[in-house]
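Values in this document were obtained by computation on a predicted structure and should not be read as measured data.
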Amino acid sequence: MDAKELIARRVAQELKDGYLVNLGIGIPTLVANYIPAGIHVYFQSENGIIGMGPVPESGMENPDLTNAGGQYVTALPGAMAFDSAMSFGIIRGGHLDVTVLGGLQVDEKGKLANWMIPGKRVPGMGGAMDLVTGAKKVIVAMTHTAKGNPKIVKECSLPLTSIRTVDLIVTDLAVIEPTEEGLVLREMAPGVSVEEVLKQTEASLIVPETIPKMRVG
Amino acid sequence: MDAKELIARRVAQELKDGYLVNLGIGIPTLVANYIPAGIHVYFQSENGIIGMGPVPESGMENPDLTNAGGQYVTALPGAMAFDSAMSFGIIRGGHLDVTVLGGLQVDEKGKLANWMIPGKRVPGMGGAMDLVTGAKKVIVAMTHTAKGNPKIVKECSLPLTSIRTVDLIVTDLAVIEPTEEGLVLREMAPGVSVEEVLKQTEASLIVPETIPKMRVG
Amino acid sequence: MKVLSSKDAIEMISEGSILMIGGFLGCGTPEKLIDELIASGKKSFTVIANDTAFPDKGIGKLIVSKLVNKVIASHIGTNPETQRQMIEGELEVELVPQGTLAERVRAGGVGLGGILTPTGVGTVVEDGKQKVVIADKEYLLELPLRADYALLKAKRADYYGNLEFSLTARNFNPLMAMAAENVIVEVEEIVPVGSIPPDSVHIPGVLVNYVVVGRCE
Amino acid sequence: MKVLSSKDAIEMISEGSILMIGGFLGCGTPEKLIDELIASGKKSFTVIANDTAFPDKGIGKLIVSKLVNKVIASHIGTNPETQRQMIEGELEVELVPQGTLAERVRAGGVGLGGILTPTGVGTVVEDGKQKVVIADKEYLLELPLRADYALLKAKRADYYGNLEFSLTARNFNPLMAMAAENVIVEVEEIVPVGSIPPDSVHIPGVLVNYVVVGRCE
């Protein structure tokens, strides 16, 4: 299983029946492929729909039906379309059960930076600040390091997305939960040692006595 | 022509083609009966519709279609229904061309009191404060006096509806326009003398040299 | 979303809760839920609603049955019993301009900390409220409203709980569907998923907790 | 409402105006109006929009054609030309969280003086903004946005200008229809009054100034 699939499979385990879920671009998008059996979740796309379905077959595209990445999607039976104020009303009003986003850095306090690298890449925050500030549960899905550099750091050097502490960090090495006491190492990827996780993590981690294997469904 | 019809007919002369209009309960409601020929106006009812039509024939009532007074109405072709936030978004956002309301008092500065008599009648302001504060043009349609007492006063003794100066006052005796300089007597009802208007008005009135008869279409 | 009998729905409600109830002078009010609430004998509620309707209709019946300790509404003029209880000191009434009430409920539902409005500036409505000056214009800071339960009326729901409202029965219903911990909706019928097209759904089913069928139980 | 050719519609627009343009990565953007604006050679516009789409699509084409001096948007990451012009100092970019952008446009349309949001607190978004503390929680005071012209895309209009949007092409369009002095809407077809049922109209025709038919002119 490659790193991205592992992360997506693990995140999918956090979803419960009836949840309203928003998936960011990149690894988070893959989560839709691994929803546990018997569970029905609703996907919101912040450009204005709940009940987004998969990419349409060629020739079946509707120019009025795209996802937040601008790609053609479909709408499942029971879907609902709405304007941007309603879409973010749902997000900011605390009605979104889970948002899964990519991350550039998460710090020891569980704060996320994921929207810009000053002087280098300034795409804009899009809906990220609203999602992290407003969702009931925020899951960061990202590779543990970038080009060998730890992404879980003592303090974010990149601009924060929100001062809200995220709820869970899922990487290709571990599952880490920010708590009042600090970052707790909750699960380890198959074949990964505690030493390796600590080595690849700049932030201090609280390491419980027993750490189960990552649940990947 | 009775006093109410005279007032309603005169107010109707202020409406222009394409206007969005909100009529309050009482005399203002009658204005709908006297829209000048060749003019199409849209009536908004603040409970959530533009394109409200007349009272339905008996047996044709729809329990989901009422006006702001709770009476059954109809919807004309091209009508639109919306929620209360949109309804007052239209009103407060300056999209309503004219609101016609009844009045308890209007003072020398053109400020209106029309929603309560302390200790006596406290129905609540409903949409009146929003309408007077937000509409492009506010027309007060009321009898000139109540039980012989002037309703156009030096200063409102009743609680104000808004600090916004109304645009026109139409009574059974006269048409009066609040201006920077004060209340100006613009038109006189048929058979009414300037002396009588002044006698029935507590506020000072600016009386131009010539005062035309009230235009009643 | 779960379908319940009106009895089971009302069963869940604790005495003394804050209730948001949809409707405008009874149009768009869940009459069956109201009757069931009265039958339950529970009391001491705070009711947030546009108005208190008429003594024999909608919210008016709750007032007459003396189940309500406090009302937050824009208008109580059509229900003499509300006025009587208020004057006698049996019922606390907070009067809010209708547009401000809509925005406060909306703010509660979409996660705003407050909104700034010119409605009410310079009137009794401003008492005790913070004022903010922007570009030389004064605004009142109005705070969000939320409730423990929303008791709403929609035309129909599908099996996911997606709601469609009808004409002026829409009014405060969709706003309240976003501003309460528990959303209970009385509908005339439940239709198969997909029966309501995506652009015709007014409130997504994921925001709806319980549906009660009002007509054909 | 008046039906115009795209050429006559663009004719009205003054150089240097503030334009709100609907769409999300090009979905729901009036392409014909965009092309006509480019053909007109007018420039120095401020554009308020969710994003700057792609270099060959929607608002992206305006950027590539260098007609824009300033952009207020939530995301510019899909258009490298926007980033290049920004870095070179040719284009001013104000980045706004998407939910805040929606609320600011809405506030401009519905007459609010501002809204309080937790989104952006403790991030670079708070720079230069007033903070308000309510019940020990910090909020940013975000101000309304308005424009001289709104260039919008709807699925269809009736002869009154009533608009119906389609699926995710709705996005910012209805919000912008309320927040501009002049509202110009590109539609795919114009249908007889009454063809769009009252509950399916998203924006009432009285808010629409001009309609341009985008497909079959």
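- Looking at D:Pro97, both its backbone and its side chain come within 4.5 Å of chain A, counting heavy atoms on both sides.
- Among D:Leu25, D:Leu101, D:Asn173, D:Thr119, the residue making the largest number of heavy-atom pairs under 4.5 Å with chain A is D:Thr119.
- Of all residues spanning residues 158-187 of chain A, those with a heavy atom less than 4.5 Å away from chain D's heavy atoms are A:Pro159, A:Leu160, A:Thr161, A:Ser162, A:Ile163, arranged by number.
- A:Asp83 has no carboxylate O lying under 4.0 Å from a charged side-chain N of D:Arg170, or vice versa, which leaves the two without a salt bridge.
- Checked against side chain to side chain contact (heavy atoms under 4.5 Å, CB included), A:Thr145 has the following partners two or more places apart in sequence or in another chain: A:Gln200.
- By a heavy-atom distance cut of under 4.5 Å, D:Ser74, D:His75, D:Ile76, D:Gly77, D:Gln83, D:Met86 are the residues of residues 60-86 of chain D near chain A, going up by number.
- Using a 4.0 Å cut-off between charged side-chain N and carboxylate O, A:Arg92 and D:Glu103 make no salt bridge.
- Looking at D:Val124, only its side chain comes within 4.5 Å of chain A, counting heavy atoms on both sides.
- For chain A, the option among D:Val93, D:Thr117, D:Thr100, D:Asn50 with the highest count of heavy-atom pairs below 4.5 Å is D:Thr100.
- The ring-ring contact (aromatic ring centres under 6.0 Å, His included) check on A:Phe88 picks up nothing, with sequence neighbours excluded.
- Note on D:Glu188 versus D:Arg156: no salt bridge recorded, every NZ/NE/NH1/NH2 to OD/OE distance being 4.0 Å or above.
- We find that A:Lys154 and A:Glu202 are not joined by a salt bridge, their nearest charged nitrogen and carboxylate oxygen being 4.0 Å or further apart.
- Residues D:Arg146 and D:Glu181 are paired through a salt bridge, judged by an N-O separation under 4.0 Å between the basic side chain and the carboxylate.
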